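Okay, so here's the structure we're looking at.
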Amino acid sequence: MKKHSARVAPLSACTSPVLTLTRVEGNSCICSNCKNGKVGTRLPCGASAIRSTSNSWILAGTELDDHSPTSTVPTEAHIQAAIEANGPCHQCFLKYSITQIKKCSWGIAIILCVCSSWSGSTQLAKSTLSRFDAPFTLTWFSTNWNFFFFPIYYVGYILKSNEKQSPKQKYKEYCRFFGDSGLTVKAFFTKAAPFGVLWTLTNYLYLLAIKKISTTDVSALFCCNKAFVFLLSWIILQDKFMGVRIVAAIFAIAGIVMMTYSDGFHSHSVIGIALVVGSATMSALYKVLFKLILGGASFGEAALFLSVLGIFNVLFITCIPIILYFTKMEYWSTFEKIPWCSLCGFSVLQLTFNILVNFGIAITYPTLISCGIVLSVPINVVVDHYTSEIVFNGVRVIAIIIIGLGFFLLLLPEDWDVWIIKLLTCLKRKKNHLKEIAL
């Protein structure tokens, strides 16, 4: 059986940040004890979080019975004193504790940015489509902005790296991602074009759903994307079976049914729900097939791949909006009436969202990034409450809660039960210790 990489597929602007294309390489620890897995670490000190093939987070960190880092950041003097007293193992632990605090701090900022960009793009899409009824044209226009991924990455590389390489050199380096021959015509049509089609379908179905139902329902239902990824990876990639994720998938399906029932199974809402479920399915298929065919990518490879999708969109998808315009399926009288500010704003928010979910793991934990998408649902609830006539009956609220619960269950690591047992054991030890002190 083919062994799959621990890297996964990139996200479209209409996909949940459950999986990201990029991986983070951890720093090597100078301490041999840490390398050998001692001092209670799951990964070497300084290693970063990655996602396994079973769609679960492996977080670098200490065991539950280790000393947790305090809220006060140790100074250099404290670290040096600890090194002299405890040796290099304690040095690694303290440095790693500081890294954890920094990552959590960045994580809060990333969550706010992901949540804002995701909910903002959804609300702006709803507003734009009410004035510019051309969802496919909007999809095509925003996807063209993917071209800026690699230039943005290269600017960041120039600012951060001490070793400078020309854009052509970096392009040749990352082209190996498509194969030993680089980005050939064959590689373009076999390893990029299919994902460009799936990307377009995901976004197009999502925008069609926004026209039919509220943004709250769309954003909540799209969280089922994570459950579909698990089911497809279990079937196609033969990932590890986990009962808790089957429960989460059942929650997702139950939430979809309840969401449909909340509007009385009217044809308008049923069509909208079917569209967003189709969008989530296309997104999940995109991610699983990416992992099956390509495996994963580094930051630079991810940026190049997404830019290639933008180029594919310009070369081969442009004809479709033109056909829709002349057949008057998506027609506008004059180009002056196109809300360019809304179109550009929507595209910028999408681009921002994709940058955050694909490259944010460089500075924070991926699980925190994943939380940003589900936290956008309450924001959409508030906005819809004041701007639309949506009725938040009991069934709809329960459906949203069930879908959100399923989403968070899918964030649990593979060894979540081991962590629970360790936590209970630790609490039991502390309780017994307090009893001994009292006696």
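For clarity, every value in this text was computed on a predicted model and none was experimentally measured.
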Within the structure provided, determine whether [X] and [Y] are in side-chain contact (heavy-atom separation under 4.5 Å).
X: V383; Y: S119; result: no
X: L309; Y: T143; result: no
X: L198; Y: L289; result: yes
X: F195; Y: L294; result: yes
X: C115; Y: I379; result: yes
X: L207; Y: L138; result: yes
X: F346; Y: Q350; result: yes
X: T352; Y: L356; result: yes

Please test L183 against L304 for side chain to side chain contact (heavy atoms under 4.5 Å, CB included), starting from the C-alpha separation and ending with a verdict. CA-CA 10 Å; L183 184 57; L304 179 61; 5.7 Å; no
Say whether, by atom type as modelled, one donor and one acceptor occur between the side chain of [X] and the main chain of [Y] under 3.5 angstrom.
X: S161; Y: I158; result: no
X: S116; Y: C113; result: no
X: S307; Y: F150; result: yes
X: K226; Y: F407; result: no
X: T281; Y: V277; result: yes
X: K126; Y: I210; result: yes

Atom [atom1] of [X] and atom [atom2] of [Y]: how far apart are they, to the nearest 0.5 Å?
X: T318; Y: N144; atom1: OG1; atom2: CG; value: 6.0 Å
X: I402; Y: C223; atom1: CD1; atom2: SG; value: 13.5 Å
X: T137; Y: L343; atom1: OG1; atom2: CG; value: 8.5 Å
X: M258; Y: R396; atom1: CE; atom2: CZ; value: 11.5 Å
X: F149; Y: N358; atom1: CZ; atom2: CG; value: 6.0 Å
X: I108; Y: I110; atom1: CD1; atom2: CD1; value: 11.5 Å

How far apart are the C-alpha atoms of F228 and L285, what are their side-chain angles, what is the distance that settles it, and do they pass the side chain to side chain contact (heavy atoms under 4.5 Å, CB included) test? CA-CA 8 Å; F228 298 157; L285 185 62; over 6 Å; no
Start with the C-alpha distance between I320 and T200, add both sets of side-chain angles, then the distance that settles side chain to side chain contact (heavy atoms under 4.5 Å, CB included), and finish with yes or no. CA-CA 11 Å; I320 299 179; T200 300; over 6 Å; no
Check the orientation of Y206 and F222. Use parallel for under 30°, tilted for 30 to 60°, and perpendicular for over 60°. perpendicular
Between F188 and F316, how do the two ring planes meet: parallel, tilted or perpendicular, split at 30° and 60°? tilted
Does W332 have its ring centroid less than 6.0 Å away from the ring centroid of Y325? yes
Can you tell me which residue among D384, N380, T122 is in a side chain to side chain donor-acceptor pair (under 3.5 Å) with T216? D384
Can you tell me if [atom1] on [X] sees more than 12 non-hydrogen neighbours from other groups inside 6.0 Å?
X: K337; atom1: NZ; value: no
X: R176; atom1: CZ; value: no
X: F147; atom1: CZ; value: no

Measure across [X] and [Y] and return the closest heavy-atom pair with its distance rounded to 0.1 Å.
X: M282; Y: T202; answer: CB-OG1, 3.4 Å
X: I111; Y: C371; answer: CD1-CB, 4.5 Å
X: G278; Y: L205; answer: C-CD1, 3.7 Å
X: F305; Y: A192; answer: CE1-CA, 4.4 Å
X: S342; Y: T128; answer: CB-OG1, 3.2 Å
X: L208; Y: P135; answer: CD2-CG, 3.6 Å

Mind running side chain to side chain contact (heavy atoms under 4.5 Å, CB included) on S166 and Y171 for me, showing each step along the way? CA-CA 9 Å; S166 67; Y171 170 78; over 6 Å; no
Just checking, any donor-acceptor pair under 3.5 angstrom between side chains of Q123 and T215? yes
Determine, for Y157 and K170, whether the Lys NZ or Arg CZ falls below 6.0 Å from the six-membered ring centre while staying within 45 degrees of the axis. yes
